There are 2 protein chains.
Amino acid sequence: MKDQPWWYGRLKESGARLTEPREIVLEILRSAREHLTATDIYIQAHRMKPSIGLTTVYRTLELLIKLGIVQKFELGEGKARFELVDKPGGEGHHHLVCLKCRKIIDYSDISNDEKEFLSRVEDRLKKKYDFKILDHLMWFYGVCRECRGS
Amino acid sequence: MKDQPWWYGRLKESGARLTEPREIVLEILRSAREHLTATDIYIQAHRMKPSIGLTTVYRTLELLIKLGIVQKFELGEGKARFELVDKPGGEGHHHLVCLKCRKIIDYSDISNDEKEFLSRVEDRLKKKYDFKILDHLMWFYGVCRECRGS
DNA sequence: ACTCAAATGACAATGATTTTCATTTTTAAT
DNA sequence: ATTAAAAATGAAAATCATTGTCATTTGAGT
């Protein structure tokens with residue numbers, strides 16, 4: 001069982017069971033190109049296994065968030081979007097949001113420059129506010145090419 | 001009228017009227033130490049002027065957001081929080097969130113280091129994704145001293 | 001004071017998320 | 001394999017933030 005996805009162990013350790021609905025939700029998140037809403041996930045899950053309920057999707061997401069496997073975002077749409085967290089030890093990624101069409105681009109080509117900078121800032125915050133920093137998120141807002149017109 | 005707050009002109013230019021409910025909402029936001037929800041604002045506003053309705057609070061916030069006077073955040077609580085935008089020409093600020101108690105610290109001691117870094121990143125994103133970057137937001141997540149125990 | 005668009009407030013409607021509870025599934029022990 | 005206990009599920013109802021409707025009020029310029 002060497003080729004289980006990274007989150008497999010985390011789920012097991014927690015005592016949670018890897019049930020079919022959970023596998024389905026995880027698979028949908030894994031193959032998603034964009035950030036999905038709970039309903040998006042429900043619709044896809046329902047296609048794969050019609051007995052799955054929306055409630056279970058919500059509960060599964062809640063569990064995965066608590067385990068640090070999924071991250072929840074809200075962008076002022078009145079509904080949340082969900083994304084699989086990056087593999088630990090990976091580079092992390094940031095977000096680029098188009099303010100007009102609400103498109104979100106994830107980018108992960110983090111430069112060394114960027115990594116060094118972030119660790120300096122985290123250091124500074126730790127000293128100044130006595131916070132133990134665990135994570136960070138950077139959002140850039142702008143207008144994409146399509147929305148600016150050709 | 002030299003000592004009007006910075007947003008006064010922006011409101012006027014837009015053609016919107018500076019009505020009493022709007023003044024009250026702005027005053028509440030100005031004096032808020034933390035990020036308030038619409039209901040928080042409504043409760044305070046209601047104390048000052050009981051005739052004010054929740055709907056008006058929402059509509060006022062919507063207007064102020066459109067004018068760039070107020071910024072809306074969502075942190076996965078299922079409700080939005082609102083904050084007065086920094087005075088134009090100010091430094092901007094970032095956020096430090098305690099994952100346990102959900103406390104949010106705004107910090108604005110942005111270093112030159114940081115400013116230079118951000119402009120480099122924005123440049124890179126512009127070239128790579130053809131996005132015109134207008135704004136950014138940095139969130140740091142961690143655990144505050146109190147929540148770590150003394 | 002008067003006019004008319006803008007703004008307001010009460011209430012209803014919407015829509016995402018949560019709760020409830022009876023039923024089904026999974027696990028671990030037999 | 002069987003079984004008992006705990007965990008997970010699904011359907012439906014409940015909750016709660018936010019938005020829409022519409023009749024009434026207010027404000028800026030005359």
Side-chain angles (χ1 to χ4, degrees), chain A residues 1 8 10-26 28 35-67 69-83 102, chain B residues 1 8-28 35-67 69-83 102:
Chain A
M1 306 301 171
Y8 183 84
R10 211 179 276 196
L11 204 58
K12 281 298 179 177
E13 282 164 32
S14 78
R17 296 168 181 169
L18 185 53
T19 60
E20 198 184 353
R22 288 174 182 171
E23 281 192 287
I24 289 175
V25 168
L26 278 161
I28 289 169
H35 303 79
L36 303 174
T37 65
T39 305
D40 292 340
I41 295 169
Y42 168 68
I43 291 170
Q44 287 193 40
H46 192 264
R47 261 190 232 123
M48 301 191 200
K49 187 172 195 285
S51 72
I52 287 182
L54 180 55
T55 311
T56 298
V57 171
Y58 273 106
R59 274 189 298 228
T60 300
L61 290 169
E62 185 187 16
L63 171 71
L64 296 176
I65 289 165
K66 192 161 43 186
L67 295 179
I69 296 173
V70 162
Q71 195 151 6
K72 175 179 178 179
F73 297 117
E74 291 184 78
L75 295 169
E77 301 170 294
K79 56 194 161 185
R81 291 184 176 270
F82 302 87
E83 179 184 34
R102 289 273 167 196
Chain B
M1 305 301 172
Y8 184 84
R10 210 180 276 197
L11 204 59
K12 282 298 182 176
E13 282 163 31
S14 78
R17 295 171 183 167
L18 184 53
T19 60
E20 197 185 353
R22 286 174 184 173
E23 281 192 287
I24 289 176
V25 168
L26 278 161
E27 174 53 24
I28 290 169
H35 302 80
L36 303 175
T37 64
T39 304
D40 292 339
I41 295 170
Y42 168 68
I43 290 170
Q44 289 194 38
H46 192 264
R47 262 190 231 124
M48 301 190 199
K49 187 172 195 286
S51 73
I52 287 181
L54 180 56
T55 312
T56 298
V57 171
Y58 273 107
R59 272 189 301 229
T60 300
L61 289 169
E62 186 186 16
L63 172 71
L64 296 176
I65 290 166
K66 192 159 45 187
L67 296 178
I69 295 171
V70 162
Q71 195 152 3
K72 176 179 179 180
F73 296 116
E74 291 183 76
L75 297 169
E77 300 171 293
K79 55 194 162 186
R81 292 184 175 271
F82 302 87
E83 178 184 33
R102 287 270 166 201

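Reminder, nothing fancy here: chain letters follow the sequence lines and each chain counts from 1. Not measured: the values here are computed from a predicted model.
In this structure, B/I41 atom CD1 and D/dT18 atom P are separated by 10 Å, rounded to whole Å. Distance B/L36 CG to D/dA17 P: 15 Å, rounded to the nearest Å. The CG-C1' distance, from B/L18 to D/dG29, rounds to 17 Å in whole Å. Rounding to whole angstrom units, CG of residue B/D40 and P of D/dT18 are separated by 11 Å. Distance, A/I24 CD1 to D/dG10 C1': 14 Å, rounded to whole Å. Here D/dA7 presents its P atom at 12 Å from NZ of A/K66, a figure rounded to the nearest Å.
In terms of polar N and O atoms assigned as donor or acceptor, the side chain of B/R59 never comes within less than 3.5 Å of the base of D/dG20 in a complementary pairing. Interface remark: the A/T55 side chain does form a donor-acceptor pair with the D/dA12 base, using a distance-only criterion of under 3.5 Å.
Counting non-hydrogen atoms of other residues, nucleotides and ligands closer than 6.0 Å to NZ of A/K49 gives a total above 12.
Contact check, A/T19 against D/dT9: a side-chain N or O comes under 4.0 Å of OP1 or OP2. The side chain of B/Y58 contributes an N or O atom lying less than 4.0 Å from OP1 or OP2 of D/dT18. Between C/dT25 and A/R17, no contact under 4.0 Å exists linking OP1 or OP2 to a side-chain N or O.
Taking the side chain as every heavy atom from C-beta outward, B/E23 and B/L18 approach each other to under 4.5 Å. Looking at heavy atoms from C-beta onward, B/L63 lies in side-chain contact with B/L11 at the 4.5 angstrom threshold. In this structure, A/I69 and A/R10 have side chains that are in contact, with non-hydrogen atoms separated by less than 4.5 Å. For the pair B/V57/B/L61, a side-chain contact is recorded, criterion being any heavy-atom separation below 4.5 Å from C-beta on.
Each of A/L54 and B/Y42 has a nearest nucleotide on DNA chain C; the 5'-most of these lies closest to B/Y42. Nearest-nucleotide mapping onto DNA chain C: of B/I52 and B/G78, the residue sitting toward the 5' end is B/I52.
Within 4.0 Å (heavy atoms only), B/S51 reaches sugar-phosphate atoms of the nucleic acid but no base atom.
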